[in-house]
Amino acid sequence: MLDRIRASIPALPPAEQRVAKLVLADPRSFASMPVGELAERSHVSKPTVVRFCRSVGYDGLADFKLKLAGTVNEGVPFVHRAVDEDDKPGDIIVKVIDNAVSALLKYRNDATNHAFDRAMAALTEAAQQGRRIEFYGVGNSGIVAQDAQHKFFRLGINSAALGDGHVQVMSATMLQPGDCAIVISNSGRSKDLIDAAEIAQKKGATLVAITASGSPLAQLVQSAGQILLPADHPEDFERYVPMVSRLLHLMIIDILTTGVALRLGPARRPVLQEIKRNLRQRRYLQPE
């Protein structure tokens with residue numbers, strides 16, 4: 001919830017921005033203060049406080065304060081950072097969705113166009129030259145790698161998804177200049193992935209990392225002058241089940257896929273159309 005408010009600040013009127021900053025400065029106190037004191041501390045009118053609550057997606061001040069009180073807690077360890085033990089289904093729906101939406105909005109505001117442009121250019125060139133594009137990930141990130149391979153495969157691109165550390169090392173060893181290795185990691189600390197990334201870089205392949213900025217993997221990629229697509233979020237990878245990180249990684253893959261598809265031009269689109277037609281014919285029974 002707090003991340004969502006922070007991401008919404010640029011779109012709010014100046015008066016409502018002051019209310020938002022008061023929330024972020026001391027959310028626990030905000031949840032317990034009467035509306036008069038909130039207005040006074042924000043230097044706005046009482047109706048402005050209520051309008052702010054509605055602007056960020058809540059029914060009013062009472063609803064906002066109720067959700068805020070739940071948000072400032074620590075969440076349920078190893079389950080979800082935004083929920084509480086006694087949350088009802090309706091609360092879980094709101095909290096989980098708010099947590100995801102706020103992370104996506106924050107990423108939209110923080111994403112670096114230049115890094116995406118470099119990644120799209122490298123992937124497009126590799127696709128046009130028939131070079132190898134390989135996605136490395138383990139565990140939850142391995143599932144994202146499979147999704148990436150599925151999307152690039154449909155474009156007729158020579159791609160593979162590898163989730164085993166030994167196979168990743170063997171694959172990276174066989175890469176050559178012009179090939180691309182996309183390494184996906186929530187923590188950026190997996191030794192297998194870092195080893196594969198180091199080998200791929202030494203073999204002259206273009207290295208793209210989707211991981212947390214400041215992590216060992218991110219530092220490796222940046223020090224080698226390769227491409228970092230940082231995926232930062234408030235989810236503690238050691239404390240909670242990966243949820244927001246997976247959504248961010250999948251979204252980054254969608255951005256890359258869309259960008260590469262557009263750069264490849266319309267020549268690949270008839271293949272996509274034919275795939276859809278063939279799948280549709282297989283999926284539904286034809287009337288006799």
**Report entry** Partners meeting side-chain hydrogen bond (donor to acceptor under 3.5 Å, both in side chains) with Ser213 (sequence neighbours left out)
**Finding:** Asp232
Report task. Kindly write out the residues that satisfy salt bridge (charged side-chain N to carboxylate O under 4.0 Å, His left out) with Arg263, not counting sequence neighbours, or none if the list is empty. Result -> Asp117
Requested in this report: Return the minimal non-hydrogen interatomic distance between Ile9 and Gln17, and the atom names on each side.
Outcome: O-NE2, 3.2 Å
Requested in this report: Could you walk me through whether Ile5 and Phe52 pass side chain to side chain contact (heavy atoms under 4.5 Å, CB included), step by step?
Outcome: CA-CA 10 Å; Ile5 294 170; Phe52 158 76; 4.1 Å; yes
Query raised in the report: Linking I/L/V/M/F/W/Y whenever any side-chain heavy atoms sit under 4.5 Å apart, do Leu162 and Ile253 land together?
Result: no
**Report entry** Any residue meeting side-chain contact (heavy atoms from CB on, under 4.5 Å) with Leu262, in chain and number order, not counting sequence neighbours
**Finding:** Thr258, Arg269
Query raised in the report: Between Gln176 and Arg131, is any pair of side-chain heavy atoms under 4.5 Å apart?
Result: yes
Requested in this report: Look up atom OG in Ser42 and atom CZ in Arg18, then write down how far apart they are to the nearest 0.5 Å.
Outcome: 8.0 Å
Requested in this report: Kindly compute the distance separating CZ (Arg6) from OG (Ser8), expressed to the nearest 0.5 Å.
Outcome: 11.0 Å
Query raised in the report: Can you tell me how far CG of Leu264 sits from CD1 of Ile157, rounded to the nearest 0.5 angstrom?
Result: 5.0 Å
Requested in this report: Specify the closest pair of heavy atoms between Ala200 and Ala172, including all atoms of both residues, with the distance to one decimal.
Outcome: N-CB, 3.9 Å
Report summary line: Hits for side-chain contact (heavy atoms from CB on, under 4.5 Å) against Asp63, two or more places apart or cross-chain, chain-then-number order -> Tyr58, Asp59, Lys67
**Report entry** side-chain contact (heavy atoms from CB on, under 4.5 Å) involving Gln201 - partner list, sequence neighbours excluded
**Finding:** Leu207, Ala224, Gln226
Requested in this report: State whether the number of non-hydrogen atoms from other residues, nucleotides or ligands found under 6.0 Å of Glu198 atom CD is greater than 12.
Outcome: yes
Query raised in the report: Out of curiosity, Glu125 CD to Gln128 CD, how far, rounded to the nearest 0.5 Å?
Result: 7.5 Å
Query - Over all atoms of both residues, closest heavy-atom pair of His249 and Val144 - result: CB-CG1, 3.8 Å
**Report entry** Nonpolar side-chain network containing Ile199, other nodes, edges under 4.5 Å
**Finding:** Val169
Query raised in the report: Under 3.5 Å, is there a donor-acceptor pair between the side chain of Ser32 and the main chain of Ser29?
Result: yes
Query raised in the report: Would Leu256 and Met120 count as a side chain to side chain contact (heavy atoms under 4.5 Å, CB included) if you check the C-alpha gap in whole Å, the side-chain angles of each, and the deciding distance to 0.1 Å?
Result: CA-CA 6 Å; Leu256 292 175; Met120 291 174 187; 4.2 Å; yes
**Report entry** ILVMFWY network linking Leu22 to Leu61, side-chain heavy atoms under 4.5 angstrom
**Finding:** yes
Query raised in the report: So does Glu37 pair up with Arg41, basic N to acidic O under 4.0 Å?
Result: yes
Query raised in the report: Are Leu228 and Leu220 connected, step by step, through hydrophobic side chains (Ile, Leu, Val, Met, Phe, Trp, Tyr) whose heavy atoms are closer than 4.5 Å?
Result: yes
Query - salt bridge (charged side-chain N to carboxylate O under 4.0 Å, His left out) partners of Asp195, counting only residues at least two apart - result: Lys191
Query raised in the report: Can any side-chain N or O of Thr124 pair as donor or acceptor with the backbone N or O of Ala121 at less than 3.5 Å?
Result: no
**Report entry** Non-hydrogen atoms of Ser185 and Thr211 that approach each other most closely
**Finding:** O-OG1, 2.8 Å
Report task. Drop me the distance from Ile210's CD1 to Leu248's CG, to the nearest 0.5 angstrom. Result -> 10.5 Å
**Report entry** Non-neighbouring partners of Asp192 that pass salt bridge (charged side-chain N to carboxylate O under 4.0 Å, His left out), sequence neighbours left out
**Finding:** none
Report summary line: Contacts of Arg132 meeting salt bridge (charged side-chain N to carboxylate O under 4.0 Å, His left out) (sequence neighbours excluded), chain-then-number -> Glu134
Query - Candidate list Asp147, Thr257, Ile182, Asn158, test side-chain contact (heavy atoms from CB on, under 4.5 Å), partner Phe152, passing option - result: Thr257
Requested in this report: Please report the shortest heavy-atom distance between Ala181 and Leu175, naming the atom on each side.
Outcome: CB-CD1, 3.9 Å
Query - Cluster check Leu2, Leu38: I/L/V/M/F/W/Y, side chain < 4.5 angstrom - result: yes
Query raised in the report: With a 4.5 Å limit on heavy-atom distance, are the side chains of Arg118 and Val208 in contact?
Result: no
Query raised in the report: Backbone N or O of Tyr136 within a donor-acceptor pair of the Gln168 side chain at under 3.5 Å?
Result: no
Query raised in the report: Just one of Thr206, Ile227, Ile133 clears the side-chain contact (heavy atoms from CB on, under 4.5 Å) bar with Leu123, so which one?
Result: Ile133
Query - Contact list for residues 106-128, test ring pair (Phe, Tyr, Trp, His ring centres under 6.0 Å), sequence neighbours left out - result: none
Report task. Would you list the pairs meeting ring pair (Phe, Tyr, Trp, His ring centres under 6.0 Å) in which at least one residue belongs to residues 16-45, sequence neighbours left out? Result -> Phe30-Phe64
Query raised in the report: How many angstroms lie between OG in Ser245 and CD1 in Ile184, if you round to the nearest 0.5 Å?
Result: 11.5 Å
Report task. Just jot down the side-chain contact (heavy atoms from CB on, under 4.5 Å) partners of Arg154, sequence neighbours excluded, or say none. Result -> His150, Lys151, Leu272, Lys276
Query raised in the report: Which heavy atom in Ser45 sits nearest to a heavy atom in Thr48, and how many Å separate them?
Result: OG-OG1, 2.9 Å
Query raised in the report: Are Ile255 and Val244 connected in the hydrophobic side-chain network, where two residues link if heavy atoms are under 4.5 Å apart?
Result: yes
